[in-house]
2 protein chains.
Amino acid sequence: MLTIGKLSRTAGVKVPTIRYYEEIGLLPEAERSAGNQRLYGTATMDRLTFIRHARELGFTLEAIRDLLSLSDTPDQSCAAADQIAKAQLVAVRDRLARLRALEIELERMIAQCAHGTIADCRVIEVLGNHDLCGHAHNASDHPSL
Amino acid sequence: MLTIGKLSRTAGVKVPTIRYYEEIGLLPEAERSAGNQRLYGTATMDRLTFIRHARELGFTLEAIRDLLSLSDTPDQSCAAADQIAKAQLVAVRDRLARLRALEIELERMIAQCAHGTIADCRVIEVLGNHDLCGHAHNASDHPSL
DNA sequence: TCTAATGTCTCTAGCAACTAGAGGTTCAAG
DNA sequence: CTTGAACCTCTAGTTGCTAGAGACATTAGA
């Protein structure tokens with residue numbers, strides 16, 4: 001049985017984060033020692049590793065909750081999990097496209113900086129003047145980047 | 001003079017967001033009408049447009065605060081603004097690299113989904129088993145993606 | 001066996017960057 | 001003059017944690 005600290009180091013997830021996951025129901029309530037400290041077995045260890053990997057891949061905790069409930073009932077179709085991953089891929093490609101545009105814009109801004117005074121600095125100017133922007137962006141263009 | 005609603009539509013920033021920006025000091029306190037409603041001139045309009053563009057480019061509100069304080073004193077060197085933009089570019093490229101790795105991983109997961117039952121679904125498996133992951137990731141690998 | 005250090009407990013509050021809603025006031029059009 | 005949209009302030013919620021206070025548990029060394 002692992003203490004929360006050992007679980008933390010083994011899974012690469014911080015201690016308060018583990019407690020947080022328990023609080024929101026992503027992890028089951030842990031067993032307790034005689035002195036009320038949390039104790040974990042390998043099942044929770046695996047579950048936590050699953051969560052960490054999913055987080056690293058950009059899944060929200062809600063998506064992870066769905067994936068976990070799927071894997072808790074493994075006899076059904078894979079289609080739902082597949083669906084979640086595909087939605088995730090769409091979101092990732094969306095973010096990628098926006099970030100690439102952003103990279104180009106920043107490169108342009110920096111290239112145009114003449115190292116004079118701010119009065120003629122394009123970094124400021126580009127941000128203040130839409131006409132200089134170089135790419136089209138509209139109001140609904142940045143939900144969370 | 002614009003009301004907050006007109007400013008909102010013109011600048012493409014939602015009404016509560018404008019009030020929020022005022023509250024945290026990004027926008028100056030607005031003039032008020034006889035009936036206590038906010039009124040804006042073109043100066044605030046420009047400032048708000050600046051903020052929106054900077055947000056769309058991924059600058060944090062803190063970075064924007066810095067940029068605004070720079071542009072409020074335009075007789076100094078451009079270097080500071082340049083510096084902020086460059087730091088931003090580094091962060092953007094970082095996010096890009098991670099997102100590209102993530103895209104590849106998701107593509108691989110989806111390609112491997114055999115459309116069977118979850119018991120042998122790779123989407124679940126890949127997330128639970130580090131060995132199948134295909135790329136190296138360590139614990140300090142995802143500050144905000 | 002005692003003690004000191006480290007680990008753990010619960011609880012509250014905070015972060016970014018907003019968004020949503022309640023309950024009330026003001027303004028503009030018909 | 002009335003109606004309805006737009007505005008006001010205030011509080012609380014969102015996501016995914018992180019930080020700190022103050023108290024209890026455990027463990028390693030003297």
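Being a predicted model, the structure only gives us computed values, none of them experimental. A, B, ... follow the sequence lines: proteins, then strands. Residue 1 opens every chain.
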Quick one: is D:dT18 close enough that its OP1 or OP2 comes under 4.0 Å of any side-chain N or O from A:T17? yes
Candidate nucleotides C:dT19, D:dG16, C:dC9, ranked by approach to the side chain of A:Y20 - the nearest: D:dG16
Looking only at side-chain N and O atoms, does A:R32 come under 4.0 Å of OP1 or OP2 in D:dA25? no
Quick one: which of D:dG16, D:dT9, C:dC9 gets closest to the side chain of B:R38? D:dT9
Measure the distance from CD1 on A:I18 to P on C:dG7 and round it to the nearest whole Å. 14 Å
Length of the line joining A:E22:CD and C:dC11:P, which is rounded to integer Å: 12 Å
Could you list all N or O pairs between the protein and nucleotides 25-30 of chain C that sit under 3.5 Å apart?
{"from": "C:dC27", "atom 1": "OP1", "to": "B:G35", "atom 2": "N", "distance (Å)": "3.1"}

Measure from CD on A:E23 to P on D:dC17 and round the result to the nearest Å. 13 Å
Under 4.0 Å, heavy atoms only, any strand: does B:I4 hit a base, just the sugar-phosphate, or nothing? sugar-phosphate
A:E23 meets the salt bridge (charged side-chain N to carboxylate O under 4.0 Å, His left out) criterion, sequence neighbours left out, with none
B:R9 near the nucleic acid: base, sugar-phosphate alone, or nothing, with a heavy-atom cut-off under 4.0 Å? nothing
Between A:R65 (CZ) and D:dC17 (P), how many Å, whole number? 12 Å
Atom CZ of B:R52 and atom P of C:dC18 are separated, to the nearest Å, by 12 Å
Identify whether the distance between the nearest side-chain nitrogen and carboxylate oxygen of B:E107 and A:K86 falls below 4.0 Å. no
Return yes if some donor-acceptor pair links the side-chain N/O of B:T60 with the main-chain N/O of B:A63 below 3.5 Å, else return no. yes
To the nearest Å, how far apart are B:L39 CG and D:dA6 P? 17 Å
Calculate the interatomic distance between B:E62 atom CD and C:dA16 atom C1'; express it in whole Å. 10 Å
Would you say the side-chain atoms of B:T49 pair up with the backbone N or O of B:M45, donor to acceptor, closer than 3.5 Å? yes
So for atom CD, which belongs to B:E31, do other residues, nucleotides or ligands contribute more than 12 heavy atoms lying within a distance under 6.0 Å? no
Hphob cluster co-occupancy, B:V15 + B:L26, side-chain heavy atoms under 4.5 angstrom: yes
Closest to the side chain of A:Y21, out of D:dC17, C:dC9, D:dT9, is D:dC17
Same cluster (ILVMFWY, side-chain, under 4.5 Å), B:L67 and B:V90: no
Given axes from five pairs at either end, by how many degrees does the helix from C:dT1-D:dA30 to C:dG30-D:dC1 bend, rounded to 10°? 0°
Looking across every strand, which nucleic acid part, if any, lies under 4.0 Å from B:R19 by heavy atom: base, sugar-phosphate, or nothing? base
Output the single nucleotide from C:dC18, C:dT8, D:dT9 whose closest atom is nearest the side chain of B:L61. C:dC18
Just do the side chain to side chain contact (heavy atoms under 4.5 Å, CB included) check on A:T44 and A:L2 with the steps written out, would you? CA-CA 10 Å; A:T44 305; A:L2 301 168; over 6 Å; no
Answer yes or no: does a side-chain N or O of A:K14 lie under 4.0 Å from OP1 or OP2 of D:dC17? no
Rounded to whole Å, the CE-C1' distance (B:M1 to D:dC7) equals 17 Å
